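None of these values were measured; they are calculated from a predicted model. By convention in this document, chain letters (A, B, ...) are assigned in the order of the sequence lines, proteins followed by strands, and residues within each chain are numbered from 1.
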2 protein chains.
Amino acid sequence: MLSKKFAYALRGLTYIALHGSIEKKISLQELSDGIDVPHFFLGKIMQELVRNEIVSSVKGPGGGFWIEDSAMNRSAFEILKMIDPKVVASNCLMGKKNCDHDRPCPLHAEYVACRNTLFDSLKETTLFNLAGKVEAGELFLDEKNNSKICTL
Amino acid sequence: MLSKKFAYALRGLTYIALHGSIEKKISLQELSDGIDVPHFFLGKIMQELVRNEIVSSVKGPGGGFWIEDSAMNRSAFEILKMIDPKVVASNCLMGKKNCDHDRPCPLHAEYVACRNTLFDSLKETTLFNLAGKVEAGELFLDEKNNSKICTL
DNA sequence: TAAATTAAAGATATTTATGTCTTTAATTTA
DNA sequence: TAAATTAAAGACATAAATATCTTTAATTTA
Ligand code: FES
Ligand code: FES
């Protein structure tokens, strides 16, 4: 449903929002270490976010990434649209070409409800919010030491 | 989130549940025409369902697929576990190796709620239910004439 | 029994997502 | 200015999902 690209983007941005600033830029190296995501792949994703002006960057010694105050209130949903537009464009969950209210597939109702709920919370969640929650110990960006599997 | 394999499987089974019987078997040709799904790909999926005794088949003239009465109350969730087991095993939505309640990622709460809702309804939905709804005109298996896109 | 029909099985192909490596350009520092 | 550092850009590689084609086996019918 959601791509790894989006997942990595959101985790990366949250890390930068939390640890970075114009004075302390976050290098790609620190970032990929910090969230346990493949270095080069993350680099590509950051490029895209820089182009979209979600994050800022400079090259050279001491360079790296940071997030302007004005970008801190960008929502997770905006990031999703940027990184994974196909998902937002809403394909049918049951493999039909398009999701259609008038000719719903077997999972239409469930899918729409589920997706709307998820998207609504993505719309309400800003990078600032996410950074705050990480700071409060309510959520975690990396994946070291997480051995317990939620088996449902 | 859910694969096309699962989508095609569920739509195919519903078609067979609705139109097939031991007297009137559904050929792969009729089936792929009926639900607008790639012929050969659907064939592979049906093979798997036959091996798992969800659907029955015979070769030869007049042969094809049908569903025994006893299989009509199999749930969509059972089909999902069969066809797309990774999804049920619950990977983290944000690309972490495992979904972990104790170290939740930014979308954990939303994801778990969303997934539980979806899975609950899959558990309650049987092939018999689905066939009934198609018969009642409440849902549709094919994708002809569906031009209206739900843009969210 | 021969021919026709149909699913099963196996091989191959294509596409998409994910991941990696190399080269280039920008910036800083000595 | 020269060297070092770092992101950007582009090329390449791998894996997974999706799709197709060919051959084989089972079954029916003539
Ligand atoms: S028609 Fe399938 S999800 Fe809407
Ligand atoms: S930890 Fe990511 S979905 Fe549970």
Qualifying side-chain hydrogen bond (donor to acceptor under 3.5 Å, both in side chains) pairs with a residue from residues 59-72 of chain A, counting only residues at least two apart or across chains: A:W66-A:E68
Separation of atom CD1 in A:I45 from atom P in C:dA17, rounded to whole Å: 13 Å
For A:C105, disulfide bond (SG atoms under 2.5 Å apart) partners two or more places apart: none
Interatomic distance where CZ belongs to B:F41 and P belongs to C:dT16 [whole Å]: 14 Å
All side-chain contact (heavy atoms from CB on, under 4.5 Å) counterparts of B:K5, not counting sequence neighbours: B:S3, B:F41, B:I45, B:E48, B:I83
Atom-to-atom span, CD of B:E48 to C1' of C:dA9 - whole angstrom: 13 Å
Set of side chain to side chain donor-acceptor pair (under 3.5 Å) partners for B:T126, sequence neighbours left out: B:N129
d(CZ, A:F6; C1', C:dA17) in whole Å: 16 Å
Where DNA chain C forms stems, i.e. three or more consecutive Watson-Crick or G-U pairs with both distances under 3.5 Å: C:1-30 with D:1-30
Euclidean distance, atom CD1 of residue B:I83 to atom P of D:dT18 [Å, nearest integer]: 11 Å
Set of residues satisfying side-chain contact (heavy atoms from CB on, under 4.5 Å) with respect to A:K24, sequence neighbours excluded: A:S21, A:I26, A:E30
Protein-to-nucleotide contact annotation, 5' to 3' order, nucleotides 2-11 of chain D [B base; S sugar-phosphate only; - none; under 4.0 Å, heavy atom]: --BBBBBBBB
Produce the list of close N/O pairs, under 3.5 Å, pairing protein atoms with atoms of nucleotides 14-17 of chain D; give distances to one decimal.
| from | atom 1 | to | atom 2 | distance (Å) |
| --- | --- | --- | --- | --- |
| D:dA17 | OP1 | B:K86 | NZ | 2.8 |
| D:dA17 | OP2 | B:K86 | NZ | 3.2 |

Smallest separation among heavy atoms of B:S75 and B:L122, with atom names: CB-O, 3.7 Å
Atom CD of B:E53: over 12 foreign heavy atoms under 6.0 Å: no
Listed partners of A:E78 passing salt bridge (Lys or Arg N to Asp or Glu O under 4.0 Å), at least two apart: A:R74
Partner set under side-chain contact (heavy atoms from CB on, under 4.5 Å) for A:Q29, not counting sequence neighbours: A:S27, A:S32, A:D33, A:H39
N or O in side chain of A:Y8 less than 4.0 angstrom from C:dG19 OP1/OP2: yes
Spacing of B:R11 atom CZ relative to D:dT18 atom P, expressed in whole Å: 13 Å
Remaining members of the apolar cluster that contains A:F140, side-chain heavy atoms under 4.5 Å: none
Residues forming a side-chain contact (heavy atoms from CB on, under 4.5 Å) with A:L18, sequence neighbours excluded: A:A131, A:V134, A:E135
